[in-house]
Amino acid sequence: MKKRQFIVLILLASMGISGCASTGSVKPLSRATHVSPEEVKLTMNTKSKLHVGKRFTFLIAWNGIPVGRIMAGVEGTKEYRGYEVYVAKVVTESNKFLSKIYRVEDTYTSYVDTTDITSRRYEADREEGNYRKHVIVEYDFDKKEATYTSLTDGSVKKCPIKENVQDPVSSMCYFMTLPVKLGDEINITVNLNEKNYELYAKIESLDLVKVKNFDSLPAFRVRPYTFLKGKEVRKGSAWMYFSADNNRYPLYGVVRIPFGRVTATLRSIEDI
């Protein structure tokens, strides 16, 4: 039996002892009496700023079962190779229950240029079960080249990049600053694993979203589509809600995969 199937069976058998996680509740914005949809549309169509010095913590659940958390934030700024950059970090951790079966402890760090919100450097340090990978990616926009240096095996690889390329972390930073409106389809080139993916984020709807510890907020739903060399990459469907106010908080995300539904729900925002 494959390890993935084994994990699913263990999770199903343990539902009674692990508890269930509350996720986001969604209803049409038209039902809200305290919010003007037209004002919300105007607000979301203005440029936003990154939340420097804030940490967002999300509860991760599989089919309603808590399995871990994500902590994401922009820690501050520093100088890197002559550029002023934001230091953005995302940490993914399995909880004690899942760690007994399959431990996950990943850290992703991005140096994001403060001028144009592009990536200058990306580091992925991944520990998942017996899998280990630690790689640093440097982006040279003059040469249009990315250099991958593996700290795991010492290998060095290069790949071509496009202008204004993003890494997985900086792409989220970039998206969160953009003015958007319903029907928009935002295109972002994301460099990952020595490949250049075309990510399209479609702004689908305007709703009212409630997550635990936060008031009901007007939010827009984003559905991403990913292409590689012109072909869509299909690994399940996903969507995410961002608050449609000046804060642009990431509130609630869903990923549907062959063996269930994974959710990420905002739980807290704190100063770093």
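Since this is a predicted model, take the numbers as computed values, not measurements.
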For [X], what residues pass the salt bridge (charged side-chain N to carboxylate O under 4.0 Å, His left out) criterion, not counting sequence neighbours?
X      : answer
Glu79  : none
Glu128 : Arg126
Asp245 : none
Glu39  : none

> Are any of the side-chain nitrogens in Lys27 or Asp207 under 4.0 Å away from the carboxylate oxygens of its partner?
Replying inline: no

Using modelled atom types and a 3.5 Å cut-off, is there a donor and acceptor pairing between side-chain atoms of [X] and backbone atoms of [Y]?
X      : Y      : result
Asn213 : Arg267 : yes
Asn196 : Pro160 : yes
Asn63  : Arg261 : yes
Thr57  : Ser268 : no
His51  : Asn247 : yes
Asp116 : Thr118 : yes

> Do any pairs count as a ring-ring contact (aromatic ring centres under 6.0 Å, His included) and have a residue in residues 138-173, sequence neighbours left out, and if so which ones?
Replying inline: none

> For Tyr86, which residues count as a ring-ring contact (aromatic ring centres under 6.0 Å, His included) partner, sequence neighbours excluded?
Replying inline: none

> In chain order, what residues pass the ring-ring contact (aromatic ring centres under 6.0 Å, His included) check against Tyr252, with sequence neighbours excluded?
Replying inline: none

Of the non-hydrogen atoms in [X] and [Y], which two are nearest, and what is the gap between them?
X      : Y      : value
Ala124 : Tyr108 : CB-CD2, 3.7 Å
Leu251 : Ala219 : CD1-CB, 3.9 Å
Pro218 : Leu29  : CB-CD1, 3.9 Å
Ile203 : Met44  : CG2-CE, 4.1 Å
Val137 : Ala146 : CG1-CB, 4.1 Å
Leu206 : Pro37  : CD2-O, 4.3 Å

Please determine whether residues [X] and [Y] belong to a single hydrophobic cluster, defined as Ile, Leu, Val, Met, Phe, Trp and Tyr linked transitively by side-chain heavy-atom distances below 4.5 Å.
X      : Y      : answer
Phe56  : Ile272 : no
Phe58  : Val222 : no
Met240 : Leu208 : yes
Ile188 : Ile161 : no
Val262 : Leu98  : yes

>> Could you check whether any side-chain heavy atom of Lys212 comes within less than 4.5 Å of a side-chain heavy atom of Thr265, counting everything from C-beta outward?
In response: no

>> Please list all pairs meeting side chain to side chain donor-acceptor pair (under 3.5 Å) that have one or both residues in residues 68-77, counting only residues at least two apart or in different chains.
In response: Arg69-Glu93

> Any side chain to side chain donor-acceptor pair (under 3.5 Å) pairs touching residues 214-223, not counting sequence neighbours?
Replying inline: Glu204-Arg221, Glu204-Arg223

>> Can you see whether Glu198 engages Thr226 through a side-chain donor-acceptor pair at a distance of less than 3.5 angstrom?
In response: no

> Strictly by modelled atom types, are Lys133 and Asn193 linked by a side-chain donor-acceptor pair under 3.5 Å?
Replying inline: yes

> So with a 6.0 Å cut-off around CD of Glu232, is the heavy-atom count from everything else above 12?
Replying inline: yes

> Is the number of heavy atoms from other residues, nucleotides or ligands under 6.0 Å of Lys89 NZ greater than 12?
Replying inline: no

Look up atom [atom1] in [X] and atom [atom2] in [Y], then write down how far apart they are to the nearest 0.5 Å.
X      : Y      : atom1 : atom2 : value
Thr43  : Phe220 : OG1   : CZ    : 11.5 Å
Tyr249 : Ser48  : OH    : OG    : 11.0 Å
Lys100 : Ser94  : NZ    : OG    : 12.0 Å
Lys47  : Arg248 : NZ    : CZ    : 9.5 Å
His134 : Thr149 : NE2   : OG1   : 10.5 Å

> Of the options Tyr122, Tyr80, Tyr83, which is the one that meets Tyr111 in a ring-ring contact (aromatic ring centres under 6.0 Å, His included)?
Replying inline: Tyr80

>> Tell me every residue that passes side-chain contact (heavy atoms from CB on, under 4.5 Å) with Ile136, counting only those two or more places apart in sequence or in another chain.
In response: Arg121, Glu123, Glu138, Leu151

>> The criterion is side-chain contact (heavy atoms from CB on, under 4.5 Å); which residues satisfy it with Asp142, sequence neighbours excluded?
In response: Asp140

> How are the rings of Phe227 and Tyr200 set relative to one another: parallel (under 30°), tilted (30 to 60°) or perpendicular (over 60°)?
Replying inline: perpendicular

Enumerate donor-acceptor pairs with a distance under 3.5 Å from any side-chain N or O in residues 165-185 to protein atoms, sequence neighbours excluded.
residue, atom, partner, partner atom, Å
Gln166, OE1, Ser170, OG, 2.6
Gln166, NE2, Ile117, O, 2.8
Asp167, OD1, Ser110, OG, 3.4
Asp167, OD1, Val169, N, 2.7
Asp167, OD1, Ser170, N, 2.7
Asp167, OD1, Ser170, OG, 3.4
Asp167, OD2, Ser110, OG, 2.7
Asp167, OD2, Ser119, OG, 2.5
Ser170, OG, Asp167, N, 2.9
Ser170, OG, Asp167, O, 3.4
Ser171, OG, Asp167, O, 3.2
Ser171, OG, Pro168, O, 2.8
Thr177, OG1, Tyr174, O, 2.8
Lys181, NZ, Asp184, OD1, 3.2
Asp184, OD2, Lys181, N, 2.9

> Checking side chain to side chain contact (heavy atoms under 4.5 Å, CB included) for the pair Asn164/Thr189: CA distance, chi angles, key distance, verdict?
Replying inline: CA-CA 8 Å; Asn164 299 326; Thr189 302; over 6 Å; no

>> Test side chain to side chain contact (heavy atoms under 4.5 Å, CB included) on Asp271 and Lys54; report intermediate values, then the result.
In response: CA-CA 5 Å; Asp271 294 331; Lys54 298 289 184 182; 2.6 Å; yes

>> Is there a side chain to side chain contact (heavy atoms under 4.5 Å, CB included) between Val35 and Leu217? Walk through the geometry before answering.
In response: CA-CA 9 Å; Val35 178; Leu217 294 171; over 6 Å; no

> Please walk me through it: do Thr152 and Val135 pass side chain to side chain contact (heavy atoms under 4.5 Å, CB included)?
Replying inline: CA-CA 7 Å; Thr152 307; Val135 63; over 6 Å; no

